[in-house]
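Input: a single structure, listed below in structure tokens.
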Amino acid sequence: MKPDVRIFEDLNALSEAAAALFIESCAQAVTSRGRALVCLSGGNTPSRLYDRLARSPYTEQVDWPHLHVFWGDERCVPAEDLQSNYRQAHDALLSLVPLPARNIHRVRSEMAQADAALAYALTLQSVAAPPLNWPRFDLVLLGIGDDGHTASLFPGSPVAASVPTAAVKADYEGRPAKRVTITPPVFNSARRVLFLVSGEGKSESLAHVLYGSFQPELLPAQRIRPTDGELIWLVDQAAAGSL
Ligand code: 6PG
């Protein structure tokens, strides 16, 4: 099937489109199921989306008290560390909106790595959609790296697992190497997955992930194929350069 790739002039336009889809996913979920389960991503790309969602005219369109947030992956640093994906979203968005603290389900990244992964599996289980042992996220945000990774599913990493979370180690751009990540079966159970891809540095890996041969060991982003949900790629012109 042809991938749903939407190309925008720049990161601003991309982030505004992402905000509109975020609002739509949350509204549909709250109407149908009384709450929205959203899985955030780390990295730099979603910062502008977070910033938009914290401000008018977007913020008033989100039913924050009924939203629950999770993370697709986390770096094993304390929550207050500037490299923490939780902290990034907290500072740019979560601390600025009326989201109840109990609706923020972060990875306990201050724990020993393997314990944090197990604890996060239990967190996912607490909102599971039986017979699954994890939720069907209403929206998952993901990014890709220049090497084709997504979340903390890195090239060559043994994350073909059937377990919902994994502790992994990978060096990328000097970022903290120890990570906890959600695994493909959980992402692939989502109702909607949104990749945000910006910048020239991503153009080659994006082209390979989308149109290259299927090599999930090398290009883990290819593992993301929702079984009964939408997969949408929001790409800026710079990142679309090799498509
Ligand atoms: C992380 C991520 C990671 C990220 C990509 C893209 O913790 O670093 O979750 O998978 O999304 O590396 O990062 P950028 O948006 O910074 O390019």
Side-chain angles (χ1 to χ4, degrees), residues 8 10-12 14-15 17-18 22 38-52 69-79 81-93 105-110 113 116-117 120 137 139-157 159 165-184 186-187 190 193-210 216 218-224 231-242:
F8 299 88
D10 54 23
L11 183 59
N12 279 336
L14 183 160
S15 304
F22 186 104
V38 172
C39 187
L40 303 178
S41 69
N44 301 318
T45 313
S47 300
R48 209 157 307 179
L49 164 64
Y50 297 159
D51 179 66
R52 292 288 184 282
V69 296
F70 300 79
W71 277 263
D73 73 327
E74 184 57 278
R75 298 124 180 227
C76 293
V77 294
D81 193 293
L82 286 172
Q83 301 259 37
S84 150
N85 287 336
Y86 158 77
R87 166 133 192 214
Q88 179 198 9
H90 174 267
D91 290 0
L93 175 61
H105 307 273
R106 71 175 182 86
V107 177
R108 301 286 306 279
S109 52
E110 64 283 7
Q113 193 186 6
Y120 211 53
F137 284 116
L139 180 69
V140 171
L141 300 177
L142 287 172
I144 64 168
D146 306 353
D147 57 356
H149 82 257
T150 189
S152 287
L153 306 168
F154 284 90
S157 67
V159 208
T165 60
V168 301
K169 217 171 159 212
D171 290 308
Y172 182 73
E173 290 187 345
R175 296 176 182 181
K178 284 160 82 178
R179 313 287 191 98
V180 169
T181 190
I182 285 180
T183 59
V186 181
F187 291 133
V193 176
L194 211 55
F195 272 95
L196 311 184
V197 192
S198 167
E200 205 185 329
K202 305 283 172 68
S203 63
E204 267 189 43
S205 63
L206 178 67
H208 287 133
V209 167
L210 284 174
L218 277 180
L219 298 168
Q222 290 183 332
R223 292 190 194 277
I224 309 304
L231 175 61
I232 304 174
W233 294 84
L234 302 185
V235 178
D236 70 8
Q237 263 170 15
S242 304

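Atoms within each ligand, like the ligands themselves, are counted from 1 in listed order. For the numbers below, each heavy atom of this structure counts, side chains included, while hydrogens, waters and symmetry mates do not.
The shortest heavy-atom distance from W71 to ligand 1 is not under 4.0 Å.
In D73, the part holding a heavy atom less than 4.0 Å from any atom of ligand 1 is the side chain. Contact annotation: for E74 versus ligand 1, there are no heavy atoms closer than 4.0 Å.
Regarding atom 5 (C) of ligand 1, its nearest protein heavy-atom neighbour is H149 NE2, 3.4 Å. Atom 8 (O) of ligand 1 has R75 NH2, 2.7 Å as its closest protein atom, hydrogens excluded (heavy atom only). Here the heavy atom of the protein found nearest to atom 6 (C) of ligand 1 is I144 O, 3.4 Å. In terms of protein heavy atoms, atom 17 (O) of ligand 1 is closest to K202 NZ, 2.6 Å. Of the protein's non-hydrogen atoms, the one nearest atom 11 (O) of ligand 1 is G42 O, 3.5 Å.
Taking CG of L11 as the start and OG of S47 as the end, the distance is 8.5 Å to the nearest 0.5 Å. Taking OG from S205 and CD1 from I144, the interatomic distance works out to 3.5 Å, rounded to the nearest 0.5 Å. With rounding to the nearest 0.5 Å, the separation of CZ in R87 from CZ in R75 is 13.0 Å. The line from OG1 of T150 to CG of L142 is 4.0 Å long, rounded to the nearest 0.5 Å. Atom CG of L139 and atom SG of C39 lie 8.5 Å apart (nearest 0.5 Å).
Between F195 and L206 there is no side-chain heavy-atom pair separated by less than 4.5 Å. Side-chain contact check for N85 versus L40: every heavy-atom pair is 4.5 Å or farther apart.
The shortest N or O to N or O distance between R179 and ligand 1 is below 3.5 Å. Taking any N or O of T45, backbone or side chain, at least one lies under 3.5 Å from an N or O belonging to ligand 1. In terms of N/O distances under 3.5 Å, ligand 1 is approached by A151.
Each of the following atoms of ligand 1 lies closer than 4.0 Å to a heavy atom of Y172: 12 (O).
Residue pairs meeting the salt bridge (charged side-chain N to carboxylate O under 4.0 Å, His left out) criterion with at least one partner in residues 170-183, sequence neighbours excluded, are D73-R179, E173-R175.
By the salt bridge (charged side-chain N to carboxylate O under 4.0 Å, His left out) test, D81 is found to be paired with no residue, residues two or more places apart in sequence or in another chain being considered.
Nearest residue to atom 4 (C) of ligand 1 from R175, Q83, E173 is R175 (criterion: closest heavy atom).
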